[in-house]
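Here's the structure we're looking at; comments come further down.
So you know, we letter chains A, B, ... as the sequences are listed, proteins then strands, and number each from 1.
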2 protein chains.
Amino acid sequence: MAISLKDVARQAGVSVKTVSNVVNGYRHVTPETRLKVQRVIDELGYRPNLTARHLRKGRTGMIALAVPELHNPYFAELADAVIEYAAGLDYIVLLDHTGGRRDQEVLFAQGFRARVIDGLILSPIELENEDLLARGGDAPLVLLGEREYDAPYDHVAIDNVAAARTAASHLVDIGRRRIAFIGARHGRARATAHLRLRGWREVMTENGLPTGEELVAVTDGYTREDGAQAVARLLDSGARPDAVFCYNDLIAVGAMRTLAERGLRVPDDVAVIGFDDIEESRYGATTLTTIAPHKRAVARAATDALLERLAGDREIDPRRLQPGFALVTRESTVGRPS
Amino acid sequence: MAISLKDVARQAGVSVKTVSNVVNGYRHVTPETRLKVQRVIDELGYRPNLTARHLRKGRTGMIALAVPELHNPYFAELADAVIEYAAGLDYIVLLDHTGGRRDQEVLFAQGFRARVIDGLILSPIELENEDLLARGGDAPLVLLGEREYDAPYDHVAIDNVAAARTAASHLVDIGRRRIAFIGARHGRARATAHLRLRGWREVMTENGLPTGEELVAVTDGYTREDGAQAVARLLDSGARPDAVFCYNDLIAVGAMRTLAERGLRVPDDVAVIGFDDIEESRYGATTLTTIAPHKRAVARAATDALLERLAGDREIDPRRLQPGFALVTRESTVGRPS
DNA sequence: CTTGCTCTTTACAACGTGGAAAACCTGACG
DNA sequence: CGTCAGGTTTTCCACGTTGTAAAGAGCAAG
């Protein structure tokens, strides 16, 4: 089978521990011994058994990241960033997806999906506060985006209300008055959708603009299809928005699709704004104005927070980390420069 | 620290092995003993240490999957499918990305990126045949899509020439004559881009249509931006295609973006076809006609092949697996039904 | 009351590694 | 020439688990 320290030791005529010392760069090894052992290592192609090392050390060097859906580009791009950043810190990232289902999120948070890991980063959708309080797992957990909780865990998310205010203000600034809101419904008052809705409502109210029910379309999920259907319902119900504020870019893409089918021009007839700044938003017949969370900063904050817990600071108070965001204006609100 | 078998054994007044037997559902345990032990397990919240189990068994129950880019939706969707399918077989998938860089691909194939795994699935871009022949790793490897190799590894990919022929034929069928090809350049004759180019050329020639250099635009990569630039170059050079055959959907999306900027209508002036059937292709102002590889079948074939090797059939001849594909016609070639 | 059988439980060893501490070597010094 | 200090190498053990083999318990048959 695989070559172990024992095989190298026998071949080199030294003890197992000496080989281990060479492998780990222990100082007190004579150059001759080191050379001799190293030669055998190369010759046999020895590679340390990480499983054994992990068992011995009690650490695996792996962290798990769970997002709702990998095929949501925002999460794919975010996962990319986490993997990249963690790799620089010699951590391997085990990527998982929960489908946004509560049972899967609980399983993940408990450490039942990926079990050979030192810590967890979870981007929850349906997870409840009580799930967190009842959490049995032993590995540190960091929460990402979406919901807000009272449980004692570090939480990384942009300031959703402020970001939504920025987006809504932009629409007002370009002269829109009847601004619809399209977003995922979650009963809980502290879901992200609700935070963004609040930002929208605040700005609308401050500007004396309508926020009636007829301007709000809820969706089941966060997909292009959800966005397409929501706008269709909105238009069918007789609402005549001159702008739509979308919960995220995917919904915005779907919304623009329906607008195109209905013969409405973007942004001339209806301006559209999204959230996430996924790559897709920079292409398409009409590029999409959006709120761009600094994904690298999110990835860094979450990973750093987790690794700090791992380093032993488990007792410090849970923190609330807010990476920055930026408004990126594109054609869907300001039109194409001619 | 964490609860181990030893703790449970002490508390329950039985041997460590008996607890192990209960945990593993060993048959010959009296109901009373089982109950007693199970109670202590629940009470203490014991959970098996998988690292130790892995060390003992020599298997980790994890496989690694490396794709070029996670934020390429095709790969994200494919990864989704692999994770899903493998989970059903009680395997955890460790997801990684290589950036399409040869050094990273080699590192991955050698098992140096993810090292606590039983097997590997790699979707290579730049990897060379010699890299595979010189491969030192011990874990079984399955190759996915893209390139073709002579090395003794299972390989899963659709029939790219046939698929490309299907796509090109479709363009011919709808009456297009000057069909451009936009695709990533790879010097090697057996790169996927070359296979698709061949399919295009065959169909063109068979129909007496031009295949001159002026109709072929090479790109550095596979992104929307690459597609956008390629079409710009094509148009600037004076070519007047009435259709473009794109290496993949991302390139097609970029291509359509440039066409829109130039005031060309799709499909009226220029028809567009892609490859991959990413979700994005079903939205956008103009939906995209594409070749849809059966992603679930790809995921299944690759995972099954790998697990068969793991099960011991390491000596059987390397196989060439070809999941199916389908032409999905949408607006970018046949227009919008009125 | 022994023998032999089955069912249940146990002791032991090992997977590959690294920490702790003991053992070994060499050379300097009294 | 013995002692000690220093670096170097080794021995021993434990991490938590499970396979192997063997011991123990119970019971029916002789």
Side-chain angles (χ1 to χ4, degrees), chain A residues 1-41 44-62 90 111 115-118 137-139 310, chain B residues 1-41 44-62 90 111 115-118 137-139 310:
Chain A
M1 276 299 111
I3 313 295
S4 75
L5 285 182
K6 206 193 306 184
D7 302 312
V8 177
R10 189 183 319 116
Q11 181 85 8
V14 298
S15 80
V16 168
K17 189 63 219 279
T18 298
V19 181
S20 168
N21 286 339
V22 170
V23 171
N24 291 290
Y26 182 63
R27 297 162 40 112
H28 300 302
V29 179
T30 54
E32 308 94 81
T33 308
R34 167 161 285 129
L35 192 67
K36 179 175 61 180
V37 171
Q38 190 59 53
R39 246 202 274 276
V40 178
I41 286 176
L44 297 186
Y46 165 77
R47 287 164 59 188
N49 178 323
L50 293 197
T51 299
R53 191 175 277 179
H54 295 162
L55 175 60
R56 189 60 178 68
K57 298 202 156 184
R59 288 277 179 85
T60 66
M62 298 195 274
D90 279 327
R115 296 161 72 184
V116 197
I117 43 92
D118 296 334
D138 32 5
L310 284 177
Chain B
M1 276 298 110
I3 312 296
S4 76
L5 285 182
K6 206 192 308 183
D7 303 313
V8 177
R10 191 182 318 115
Q11 181 84 7
V14 298
S15 78
V16 168
K17 189 65 218 281
T18 297
V19 182
S20 169
N21 286 339
V22 170
V23 171
N24 291 289
Y26 181 64
R27 297 161 40 109
H28 300 301
V29 180
T30 54
E32 308 94 80
T33 308
R34 165 162 287 130
L35 192 67
K36 178 175 61 179
V37 171
Q38 190 58 54
R39 247 202 274 274
V40 177
I41 286 177
L44 297 184
Y46 165 77
R47 287 165 57 188
N49 178 322
L50 292 197
T51 300
R53 189 176 280 178
H54 295 162
L55 175 61
R56 189 67 205 353
K57 299 203 157 183
R59 287 278 179 85
T60 67
M62 298 196 273
D90 279 326
R115 297 161 71 183
V116 197
I117 45 92
D118 295 335
D138 31 6
L310 284 177

From A:His54 atom NE2 to B:His54 atom NE2, the distance as rounded to the nearest 0.5 Å = 12.0 Å
Under 4.0 angstrom between [X] side-chain N/O and [N] OP1 or OP2:
X: B:Thr30; N: C:dT9; value: yes
X: A:His28; N: D:dG7; value: no
X: A:Thr51; N: C:dC15; value: no
X: A:Thr18; N: D:dT9; value: no
X: A:Ser15; N: D:dT9; value: no

query = Which residues satisfy the salt bridge (charged side-chain N to carboxylate O under 4.0 Å, His left out) test with B:Arg10, sequence neighbours excluded?
reply =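 B:Arg10 satisfies salt bridge (charged side-chain N to carboxylate O under 4.0 Å, His left out) with B:Asp7 only.
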query = Mind checking what makes salt bridge (charged side-chain N to carboxylate O under 4.0 Å, His left out) contact with B:Arg34, not counting sequence neighbours?
reply = none
Any A:Leu35 side-chain heavy atom under 4.5 Å of A:Gln38 side chain = no
task = May I ask you to test the A:Val116-B:Val116 pair for a side-chain heavy-atom distance under 4.5 Å?
result =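 No. Closest side-chain heavy atoms not under 4.5 Å.
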Non-neighbouring partners of A:Thr51 that pass side-chain hydrogen bond (donor to acceptor under 3.5 Å, both in side chains), sequence neighbours left out =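 With neighbours one apart ignored, the set is empty.
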Exercise: identify the closest heavy-atom pair between [X] and [Y]:
X: B:Asp118; Y: B:Gly61; value: OD2-N, 2.7 Å
X: A:Arg47; Y: B:Gly111; value: NH2-O, 3.3 Å
X: A:Tyr26; Y: A:Val29; value: O-CG2, 3.6 Å

remark   = Each nucleotide of nucleotides 17-22 of chain D classed B (base within 4.0 Å of a protein heavy atom), S (only sugar-phosphate) or -, in 5' to 3' order, makes BBBB--
message = Between the opening five pairs and the closing five pairs of the helix from C:dC1-D:dG30 to C:dG30-D:dC1, how far apart are the helix axes, to 10°?
response = 80°
Find the distance [X]:[atom1] to [N]:[atom2] and express it as a whole number of Å.
X: A:Arg59; N: C:dG19; atom1: CZ; atom2: P; answer: 13 Å
X: B:Glu32; N: C:dC7; atom1: CD; atom2: C1'; answer: 12 Å
X: B:His54; N: D:dG16; atom1: NE2; atom2: C1'; answer: 12 Å

inquiry  = As a test of understanding, state which of B:Ile41, B:Val40, B:Leu44 forms a side-chain contact (heavy atoms from CB on, under 4.5 Å) with B:Ile3.
reply    = B:Leu44
inquiry  = Short of 4.0 Å, heavy atom to strand atom, which residues of residues 33-41 of chain B count as contacting DNA chain D?
reply    = none
For residues 17-24 of chain B, tabulate all N or O donor-acceptor pairs below 3.5 Å that involve a side-chain atom, not counting sequence neighbours.
from, atom 1, to, atom 2, distance (Å)
B:Thr18, OG1, B:Ser15, OG, 3.1
B:Ser20, OG, B:Asn24, ND2, 3.3
B:Asn21, ND2, B:Lys17, O, 3.4
B:Asn24, ND2, B:Ser20, O, 2.7

